[in-house]
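Computed from heavy atoms alone, side chains included, the values below leave out hydrogens, waters and symmetry copies. Because the structure is a prediction, the values reported are computed rather than measured.
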Amino acid sequence: MKKICLFLLSGMSLFFASCDNGVSYEYHSTSVFTIPGTSGAEFVFADQEKDSLFIKSTDSWTAQNTSDWLTMEKKSFKVPPGVSYSVRSYMYTPINATGAIRSDKVIVSANGRDYIKEFKQLPWINIILPLALLTNSEDASTTFFKTSCTATATSDSIIFFLRAPAATLTSNSDWITFSDVSFTNSDTDGAKRCNSPKRCKTILRFSKNTSTEPREAIVTLTTSNKNEQTTSTKISIFQAGKK
């Protein structure tokens with residue numbers, strides 16, 4: 001007679017064994033994820049230098065990735081028999097200043113099977129406002145973010161999440177000024193500290209456009225890490241002409 005035996009291990013997942021004529025069949029399970037319940041590629045931003053990968057398995061495993069720009073903290077783990085362990089491995093990503101999306105695949109091998117998680121690092125910073133344009137393109141030479149104002153408008157906003165230690169804003173036009181141009185995630189003289197969780201905001205100020213011709217300014221948001229490596233994203237500020 002075949003029966004299913006259920007064992008509860010303190011602090012661990014359930015371990016199942018199928019008992020049939022004295023022969024034991026163990027249950028094997030492995031999952032690889034960044035956020036529980038999600039699938040597909042993990043996207044990280046240009047100035048993001050750290051992410052997490054979770055590996056939950058009933059078996060010992062090894063891991064490798066296919067490129068040299070992504071570094072995995074843990075590449076193997078020995079799981080004792082009959083239990084399930086969830087292991088967090090930090091993924092370290094240098095600032096992406098290549099101007100293009102770059103991809104890497106993490107391959108986790110357990111119990112004779114491979115489990116793949118893809119990481120994609122975007123060439124732009126995590127800008128919330130204005131909204132992103134052309135984000136399906138792998139060419140970062142174009143302007144990805146644009147805001148349009150009426151001729152009578154005198155202000156607008158830029159909101160972004162700062163993942164690097166510091167950021168600065170510059171403009172190629174003198175008709176725009178900023179409430180803040182320097183930002184930081186720590187206490188630094190002369191720079192605005194971003195609100196938790198690293199949310200930064202600046203107010204754009206400009207005069208009404210009295211010309212019938214529209215005008216455009218390109219604002220450049222540049223972030224830098226502790227090694228003074230930088231990456232930049234351009235934002236188009238478009239103001240309509242007077243009717």
Side-chain angles (χ1 to χ4, degrees), residues 40-49 95-102 120-225 228-243:
E42 172 73 0
F43 289 89
V44 296
F45 291 92
D47 61 339
Q48 185 174 343
E49 296 185 284
I95 276 183
N96 185 4
T98 65
I101 296 175
R102 55 185 178 186
K120 289 180 177 288
Q121 189 173 31
L122 305 172
W124 55 84
I125 299 161
N126 188 7
I127 298 173
I128 307 302
L129 190 69
L131 299 178
L133 301 174
L134 305 176
T135 54
N136 289 328
S137 172
E138 295 195 10
D139 179 10
S141 63
T142 58
T143 300
F144 285 95
F145 299 86
K146 182 176 182 178
T147 185
S148 296
C149 308
T150 64
T152 57
T154 57
S155 66
D156 208 327
S157 299
I158 293 176
I159 302 174
F160 63 97
F161 284 102
L162 178 57
R163 299 175 183 273
T168 56
L169 280 167
T170 58
S171 172
N172 69 345
S173 300
D174 57 7
W175 59 270
I176 285 184
T177 60
F178 307 96
S179 61
D180 298 281
V181 296
S182 299
F183 304 86
T184 181
N185 279 322
S186 59
D187 293 322
T188 303
D189 291 340
K192 180 179 179 179
R193 180 165 184 170
C194 297
N195 297 329
S196 179
K198 304 178 180 180
R199 183 178 181 273
C200 308
K201 180 179 179 179
T202 189
I203 304 298
L204 305 177
R205 297 191 177 98
F206 42 87
S207 61
K208 296 178 182 180
N209 188 2
T210 57
S211 170
T212 57
E213 294 296 322
R215 57 185 179 180
E216 182 183 33
I218 300 299
V219 173
T220 302
L221 174 62
T222 302
T223 61
S224 58
N225 64 10
E228 298 184 353
Q229 297 170 317
T230 63
T231 186
S232 299
T233 299
K234 294 180 180 180
I235 304 168
S236 168
I237 312 299
F238 178 86
Q239 188 174 32
K242 179 182 178 182
K243 292 183 180 180

What is the distance from atom [atom1] of [X] to atom [atom2] of [Y], rounded to the nearest 0.5 Å?
| X | Y | atom1 | atom2 | answer |
| --- | --- | --- | --- | --- |
| F45 | I125 | CZ | CD1 | 10.5 Å |
| F43 | K120 | CZ | NZ | 6.0 Å |
| I95 | E228 | CD1 | CD | 11.0 Å |
| F161 | C200 | CZ | SG | 9.0 Å |
| K146 | I235 | NZ | CD1 | 13.5 Å |
| I159 | I127 | CD1 | CD1 | 11.5 Å |

Q. Tell me the side chain to side chain donor-acceptor pair (under 3.5 Å) pairs involving residues 167-179, sequence neighbours left out?
A. S179-T202
Nearest heavy atoms of [X] and [Y], plus distance in Å:
| X | Y | result |
| --- | --- | --- |
| S155 | F206 | N-CZ, 3.7 Å |
| D47 | A164 | OD2-N, 3.4 Å |
| T231 | A97 | OG1-CA, 4.1 Å |
| T154 | K208 | CG2-CG, 3.9 Å |
| Q48 | Q121 | O-NE2, 3.3 Å |
| K234 | T220 | CG-OG1, 4.2 Å |

Q: Apply the side-chain contact (heavy atoms from CB on, under 4.5 Å) test between L169 and each candidate in T222, V219, I176; give the one that qualifies.
A: V219
Q. Should L221 and S232 be marked as a side chain to side chain contact (heavy atoms under 4.5 Å, CB included) after you check the CA-CA gap, both sets of side-chain angles, and the distance that decides it?
A. CA-CA 5 Å; L221 174 62; S232 299; over 6 Å; no
(Q) Donor-acceptor pair, distance only, cut-off 3.5 Å: does the side chain of Q239 make one with the backbone of T150? (A) yes
**Q.** Test item: side-chain donor near acceptor, N209 and S211, under 3.5 Å
**A.** no
Note, [X] side chain near [Y] side chain (heavy atom, < 4.5 Å):
| X | Y | answer |
| --- | --- | --- |
| I101 | P123 | yes |
| P165 | N225 | yes |
| F178 | L204 | yes |

